[in-house]
Asks: 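Could you have a look at this structure, given as structure tokens, before my questions?
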Amino acid sequence: MKIGLEIHVQLNRLRSKLFCGCRADYYTLSPNSNVCAVCLGLPGSLPVLNSGAVRQAIMVSLALRANPSTRFNFVRKNYFYPDMPKNFQISQYDKAGGAPVSKGGEMELTTDAQKPLRVKLTRIQIEEDPGRLFHPSGLGSSKYTLVDYNRAGVGLLEIVTQPDLSTPREARLLITKLRSILEHLGVCNTSLEGAMRVDANISTDGNNRVEIKNISSYKDVERALEYEAVRQSQLIALGKPIERETRHWLEEKGTTSSSRAKEEEQDYRYFPEPDIPAVELTEDYIKDIQGSLPELPDSRASRFCREYGLTPYDAGVLVLDKALADYFEETVRLYPKPRIVSNWIQTELLRQLNEKKQEISELRFGPKELAEMLSMIDKGEISGKTGKKVVMEMALTGEGPKSVVERLGLARLGDEAAIRALAQTVFKENPNAVKDALKNPEAVNFLVGQIMKKISGRADPEITNRVVRGLLKAQTSS
Ligand SMILES: [Zn+2]
């Protein structure tokens, strides 16, 4: 199986759209209020290229080891669709005299089997986002469609990979890694719905290539490709041909469906954009950006191993999500035992997030509360086991650890008199075990276990052991 991806990344951290002064944070505004003559394509309006978008495109290119062009230009891609008020999209193209912002590039992934996988990139181009269509009762069943042009003209990068991926899972790994790189560069708020959209092409056993369009959430890429892989292998098993076609991903149904109108490249009638001159960049400009790139996931992972003594695997898991890596470092700043923090994040925190299908930013407690809870374990105020329960409660209610421990009465019982009273009850209830324990020291553990059970493991184990041995001694001497 061969899979290639075209990933559209919204430059939604810029102040303005790609060619006009309208805001890039279109999603915060009421429909159709973030528009002007330029992004609506009204006669006589002229686009002006956003230099911040060029800078970010070069940052992404360099981070993905692509070669930025010192001269590139824009083309018009003509098509008629209600989400495109101008009836054309200003884009880039690598044919017909067009030159995209960069060519080549490469991403290195780590497969689930911990093997390196290199995926080559074809090109990166700058283009504008269309508006948004809403189908109030779902695609295909709505009587009418609503359109919002707030998004029309927001900057996009299209990142095109070669068909170097061989499973849907690898496609997911690539998207995850790319997402982390974009977050580290600070060019895209990727958790925003539609901020990363994917078209994927997939061919099985050298058969025709099928393109899946419209995967509007990066989380769906694996699911859409898995569906398509099964559909294609069923056709092959039945001896039926696989048509070369474009299919749409239907998110609600979890299936793909053939899209009847297939545009061919010539239908777009590309021609050079007459309103925007070619852009020339100096080598110094590119060098300057190269020199100011922030720390990226791979070097951050190496630093985590070096500075905090984490294993490459653990460091790799943390840096694949910038917010998670930030959470880790902030907790370590407050509670400087990195390996313990990493373990808690990778077991208890990730479990909470997976169960609730949440992202770390949605977690109801922060590094401060986690650090506080870990210090409580160190001070013997709660046991490690209780700590897990506290984390669960904090995730549920957003309370701090002290308040959870108090409300649920989870504090470790270190009061010797109280433990002795419990032990005496347990001795009375289990006379045979007491007789056993007098002869067989291993049976002592049973009695300790019974005491723990009475107060759900909260008794201080050292004191409990001492109390039980003391009581047994008293029995033999009496
Ligand atoms: Zn505008």
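Treat the numbers as computed from the prediction; the structure is a model and nothing was measured. Counting starts at 1 for both ligands and their atoms, following the listed order.
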Asks: Please report the interatomic distance OG(Ser91) to CZ(Phe74), rounded to the nearest 0.5 Å.
Replies: 8.5 Å
Asks: Looking at Asp378 and Lys337, is any side-chain nitrogen of the basic one under 4.0 Å from a carboxylate oxygen of the acidic one?
Replies: yes
Asks: Between Glu359 and Lys219 (salt bridge meaning N to carboxylate O under 4.0 Å), is one present in this structure?
Replies: yes
Asks: Does a side-chain N-to-carboxylate-O contact under 4.0 Å join Glu127 and Lys77?
Replies: no
Asks: Taking the Zn ion (ligand 1) as the center, what protein N, O or S atoms are found at less than 2.8 Å?
Replies: Cys20 SG, Cys22 SG, Cys36 SG, Cys39 SG
Asks: Using side-chain hydrogen bond (donor to acceptor under 3.5 Å, both in side chains) as the criterion, list what pairs up with Glu106, not counting sequence neighbours.
Replies: Arg65, Arg118
Asks: Are Tyr26 and Tyr149, when compared by the centres of their aromatic rings, separated by less than 6.0 Å?
Replies: no
